[in-house]
**Student:** 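Here you go, one structure.
Given the structure is predicted, the values throughout are model-derived calculations rather than measurements. When reading the values below, keep in mind they use all heavy atoms of this one structure, side chains included, and skip hydrogens, waters and symmetry mates.
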Amino acid sequence: MSRRALSYLAGLLLPALTATLLAAPAAASDACSVHTRPVAVPVDGEMATGLVYEPQGCAVGNALVVAAHGHKGSAAQYSEYLTSIAARTATPILSMDLRGSPQWPTGDWNLWAGWHDLVAATQWYKWMNPRVARTVLWGWSQGAMTSGLAAAYGPAGLFDYWVDTFGPSDLFTHFHGPAADYPALQAQIQRDAGGCAPTLCPLAYAERSPALQAGRMSIRHAFLVHGTADEVVPYAASMQMRAALMLAGKPSTMYSIVSGRTLDGVVEPGRHNVGPALFEAGCVVERLIQGTEPLDGNRDFLVDVAGGVVAAPPAPPNAKCAA
């Protein structure tokens, strides 16, 4: 098995092994408990399933986080981490299975069904909860790509901010690059694209490439968080996404994670794992909820703990960031 294949496999397994380590103590919202309940929303003639992490016993704010999991994940991916953010910020988090039906099993590559689920579930939750005034769309790995399509194809104003965490930016490159060592993954990608390879139906792949749909995004600001040592989805993918956003005139911020600290305080390179890049993305989400994330123009933040450079904004209280 190639090194790239081993790295991809590690990227799939490590989250499942370490998710239970991600809980953090609540600070400003100590009174919050979080109730996790299943949801089911009709989409395209099927039922899209998911989970809602809802704070209780405290004053819930007016924000909503909509999370999109990675390949082989589910609505429960990083559940302890999402629970801690919901409790700390008094903010509900809606996480969908994408799709979780017999036709589209949970964890499969299904960008098109996935973005439909994110849009429909967000519309449903906001209709049920009129207090929601700001929506943060947050996806990691495959979920970053799926959420990017939701931002592109969803109704204008449905999502305010998009946080892309080590996500692919165009499906052509991903098919011939990271997915090349996985025939089963390539088969899932082709199935989602209508049953054909990029050379036979390039339009379907272009429609599923956030970098090629940046001009359609009606979000107020995009945030790209990527480790420079990512062995699964190259750092260049986020650089491509950043260029596409800038060319489309969409405000964006780039977080380049050269190195950061693990949960144990060990300094490691920014990779495609439960580590510095994911933690910084979570802090971006928390700062957006709290109104402390800079939104003025296009910014670039470098985090390199090993090199003594931490340019990111201050961490929210009790949050775990890259530094």
**Student:** Please confirm whether His116 and Trp104 have ring centers closer than 6.0 angstrom.
**Tutor:** no

**Student:** So, Phe172 versus His174, ring centres under 6.0 angstrom or not?
**Tutor:** no

**Student:** Does Arg208 use its side chain to pair, donor to acceptor, with the backbone of Leu149 at less than 3.5 Å?
**Tutor:** no

**Student:** Measure the spacing between CD1 of Ile93 and CG of Leu82 and express it to the nearest 0.5 Å.
**Tutor:** 5.0 Å

**Student:** So does Asp117 pair up with Arg99, basic N to acidic O under 4.0 Å?
**Tutor:** yes

**Student:** Is any side-chain heavy atom of Ser147 less than 4.5 Å from a side-chain heavy atom of Phe159?
**Tutor:** no

**Student:** Taking atom OH of Tyr81 and atom CZ of Phe279, what is their separation to the nearest 0.5 Å?
**Tutor:** 6.0 Å

**Student:** Less than 4.0 angstrom from a charged side-chain N to a carboxylate O is my criterion; do Glu280 and Arg287 meet it?
**Tutor:** yes

**Student:** Quick check on the 6.0 Å ring-centre criterion: do Tyr78 and Trp140 meet it?
**Tutor:** yes

**Student:** Could you list who else is in Val309's hydrophobic cluster, with ILVMFWY side chains joined at under 4.5 Å, directly or through other members?
**Tutor:** Val258, Leu302

**Student:** Salt bridge or not for Arg299 and Asp296, using N-O below 4.0 Å?
**Tutor:** yes

**Student:** Are the aromatic rings of Tyr153 and Trp115 close, with centres under 6.0 Å apart?
**Tutor:** yes

